[in-house]
Structure formats: structure tokens, C-alpha cells
Amino acid sequence: APGEKKFDFDVNQISITPKRQKVADFSAPYYTAPQAVLARKGTAPANAKTLEDLTDVKLGVQVGTTSLQAVNDVIKPQQPPQVFNDSNDLVAALKSGRIDAVVVDLPTAIYLRDAVVDDTVVVGQFDLPSGGDRWGALLAKNSKLTACVTQAVEALRKSGELQTLTDKWM
């Protein structure tokens, strides 16, 4: 949003998209994440073997994420996915059975499975047609720091430290 920020840049699983680049700057990508499907164990989507097996289930996504694009462009469900305002609402809908599965980035799916929603399984993962979701540090549009942050990300990549961090934490 326009106006003063209480930060210089934000590193927070923010996907670099052309639409977002119109209003904000991004560093070079520091991580590329596939999308993933998370379902409750024992349900039809938990046994899916292909994306086509998911076209007739009730899918949920969080508003403002690239997961909505992934569902519409790749899975192409028979019914529109249910869109939730935040991850808490998305998780509540999965837990209550209002939706059959959620589509989120893979690290989020693993976290939800391991720490938030019992008896779930990561059914599979897939990329957007343009490739995986590239995450970058978010900066104000035309920030004087964009080149510096990009240089730091590239230095971390070149030194191997970025891969070490990815292997350890992602």
C-alpha cells in the first residue's frame, strides 16, 4: 500500500509477479517454491495420483496468493475454488470439512501438515505454467535499496550460503 513503511524490505514468502512489480520492487529471487496440495487423510483427494483426480473436489486457497492462479491454470477444477481471507480461515475450512483440500506453496503445506492440521497428507506438488513461484525481498517502488538487496542475494547465491540456508530451513 502507498505511504510510509516501518521496514526497508520484507522477506516473507512473497511471490514475484508482473502485477506486483507494477507497484513494488523485488530483489533477485532467493527461493523457488512449487505449489502443493494438502488434504485430510482418508479423503478422495488424499488418494489422488494426478492433477486430473482433483478437478471434482472442493479446493480452497488464500486470497491474494499465486495458489489461486495455480488452481485455475493448472488443476482447472469443475467448480471455482473457495477463496479465504487468511490462512486461519483456510485451515479452519479444511479441518471442518467445508473444503476437501488446500493449495498452498510446498513449504507452507509441509508446515501445515506437521504443525497445524492433524491427519493430513501432502498429496503432491506442481509448478505454475511459467515455472515455480519465485520469492523475492519486497521493497517500496523505486527503492534506492533494491540494487543493494539484489546484490546481497546474488552474493549469498554465489557463495553457496543461500543453498545452505535453503537446505537447512526449507
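In what follows, every heavy atom counts, from backbone to side chain, and hydrogens, waters and symmetry copies are set aside.
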Rounded to the nearest 0.5 Å, the CH2 atom of W135 sits from the CD1 atom of I14 at a distance of 10.5 Å
Where the side chain of D167 meets the backbone of T164, is there a donor-acceptor pair that is under 3.5 Å apart? no
Tell me, which pairs form a salt bridge (charged side-chain N to carboxylate O under 4.0 Å, His left out) where one or both residues lie in residues 90-112, sequence neighbours left out? none
Do V117 and I99 share a hydrophobic cluster (ILVMFWY, side-chain heavy atoms under 4.5 Å, transitive)? yes
Count I, L, V, M, F, W, Y as connected when their side-chain heavy atoms are under 4.5 Å apart, and connections chain through other members. Are L54 and V104 then in the same cluster? no
Tell me, which pairs form a ring-ring contact (aromatic ring centres under 6.0 Å, His included) where one or both residues lie in residues 82-111, sequence neighbours left out? none
NZ of K76: more than 12 outside heavy atoms within 6.0 angstrom? no
Got a second to check how far I75's CD1 is from Q78's CD, nearest 0.5 Å? 12.5 Å
Shared hydrophobic cluster for Y30 and L106 (ILVMFWY, side-chain gaps under 4.5 Å): no
Hey, could you give me each pair passing salt bridge (charged side-chain N to carboxylate O under 4.0 Å, His left out) that has a residue in residues 143-157? Not counting sequence neighbours. E154-R157
In terms of hydrophobic clusters joined by side-chain contacts under 4.5 Å, are V123 and V102 together? no
Is it the case that over 12 heavy atoms from other parts of the model lie below 6.0 angstrom from the CD atom of E161? yes
Would you find a donor on one side and an acceptor on the other, under 3.5 Å apart, between the side chain of R113 and the backbone of L38? no
Is any side-chain heavy atom of V83 less than 4.5 Å from a side-chain heavy atom of L68? yes
Consider only side-chain heavy atoms of I, L, V, M, F, W and Y, link residues closer than 4.5 Å, and tell whether L139 and L156 are in one cluster. yes
List the atom of A137, the atom of V11, and the distance in Å for their closest heavy-atom pair. CB-CG2, 3.9 Å
Roughly how far, to the nearest 0.5 Å, is the NZ atom of K58 from the CG atom of L94? 11.5 Å
Report the C-alpha distance between F26 and V153 in whole Å, list the side-chain angles of each, state the deciding distance to 0.1 Å, and finish with yes or no for side-chain contact (heavy atoms from CB on, under 4.5 Å). CA-CA 11 Å; F26 288 90; V153 170; over 6 Å; no
Of all heavy-atom pairs between P29 and R134, which one has the smallest distance, and what is that distance? CG-NH1, 3.2 Å
Can you measure from CG (D118) to CG (L112) and round to the nearest 0.5 angstrom? 11.5 Å
Would you name the heavy atoms of N72 and P81 that are closest together and state the gap between them? OD1-CD, 3.6 Å
Measure the CD-OG distance between Q62 and S87 for me, rounded to the nearest 0.5 Å. 5.0 Å
Strictly by modelled atom types, are D25 and S143 linked by a side-chain donor-acceptor pair under 3.5 Å? no
Using side-chain contact (heavy atoms from CB on, under 4.5 Å) as the criterion, point out the one residue from T32, T66, L138 that pairs with S15. T66
For Q35 and A70, which heavy atoms make the closest approach, and how far apart are they? CG-CB, 3.6 Å
Nearest-0.5 Å distance that lies between atom CG in D89 and atom CD in Q82: 11.5 Å
